[in-house]
Amino acid sequence: MNEQICFYRQMLRIRQFEQKAISLFEKGELPGFLHSCIGQEAVAVGVCSALEKKDYLFTTHRGHGHVLAKGMDMKRMVSELYAKSTGSNRGKGGSMHIMDVSVGVLGANGVVGAGIPMASGTALSSKMKKDGRVTVAFFGDGASNTGAFHEGINLAAVWGLPTIFLCENNKFSESTSVKNHQRVERISERAKAFGIPGIHVDGMDVEAVAKAAANSVVRARNGEGPTLIEADTYRFLGHYLGDQVEYRNEDEHAEWVLKDPIVQIEKHLEQAGLLNEELKKNLIQEIDAEIDNAVDYAVNSADPHPNEAMDHIFV
Ligand SMILES: Cc1ncc(C[n+]2csc(CCOP(=O)(O)OP(=O)(O)O)c2C)c(N)n1
């Protein structure tokens, strides 16, 4: 498949998945919370295009796109959202703690910024074992104000670890605009404080993200140390499903919706003669069939047995 069509298909798959998850959540079928990544698909797809299966990834409460792009099995993922025994965490994690070691997804995390020092930890193990793996930590603009961000990146810089610190600047930390929670113009500027490269990229342009990620991965694999990438994007929906978003500036929102990464690549592909209505329809049908199949699998799976409640707890 042409690389751009492949990017488009993967972004569409994340968008359709998120829309389905929203409709299931609104029907009361999924327990817990949902934090949608609609609008941010180009970051997940662009970054993961530069990774291999063996590479490690840490994500956040807004991580569905990242783990899908990294290759996580959709059936086990949906089962986890349903808290079923066939879920990737046997139903104990839910949306905010989803993981799948077999594809390098070492976990989503509800603790803001917590994946950053963990990424330095796995990257240190890779450096010591010389296993050639790169670790990516995704986090938001809000997380870039935590102590974990400064401590985790500083250590990776000092030890020259194979890490990509990927900040998705989606303009909000819960209900607080980025303009009100930090004074730096660009989060990528913070890289200077650690003595590592800081790259700012258009997070609505999947190819730009893919290029920035690929260069940083080469650097990391060559033993040249970490990179901080700030991908400029926008959270199209609320912080969580149910958020009334009363704090949002509607003009700003409308401006960003015009930059929808999926619409942008659609236009580009149509102009290049690579996409037409029929292909679009076929791709959506194929993706929706995969999603429906995963939902059926989850719905028909057993709940975890109460006897398992204390299993996999390490004290
Ligand atoms: C250490 C910690 N502090 C506060 C919270 C509450 N909280 C949950 S999500 C969130 C906002 C995170 O914003 P950002 O890092 O920009 O990620 P985004 O939600 O925009 O993807 C906050 C403050 C938390 N979960 N963990």
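Excluded from the calculations below are hydrogen atoms, water molecules and symmetry mates; all remaining heavy atoms, backbone and side chain alike, are included. Start at 1 and go down the list; that is how both ligands and their atoms are numbered.
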Can you name the ring-ring contact (aromatic ring centres under 6.0 Å, His included) partners of Phe25, sequence neighbours left out?
none
Nearest-0.5 Å distance, CZ of residue Phe138 to NZ of residue Lys70
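Here the interatomic distance stands at 10.0 Å.
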Is the distance from the ring center of Phe194 to that of His150 below 6.0 Å?
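Yes.
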For ligand 1, what is the set of protein residues having any non-hydrogen atom at a distance below 4.0 Å?
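Only His61, Arg62, Gly110, Val111, Val112, Gly140, Asp141, Gly142, Ala143, Asn170, Phe172, Ser173, Glu174, His239 have heavy atoms that fall under 4.0 Å of ligand 1, ordered by chain and number.
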What pairs with Ser144 under side chain to side chain donor-acceptor pair (under 3.5 Å), at least two apart in sequence or on another chain?
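Ser144 satisfies side chain to side chain donor-acceptor pair (under 3.5 Å) with Gln182, Arg190 only.
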same_hphob_cluster(Ile5, Phe7) at 4.5 Å side-chain heavy-atom cutoff
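Yes, Ile5 connects to Phe7 through the hydrophobic network.
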By the salt bridge (Lys or Arg N to Asp or Glu O under 4.0 Å) test, which pairs, at least two apart or in different chains, include something from residues 83-105?
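Qualifying pairs: Arg76-Asp100.
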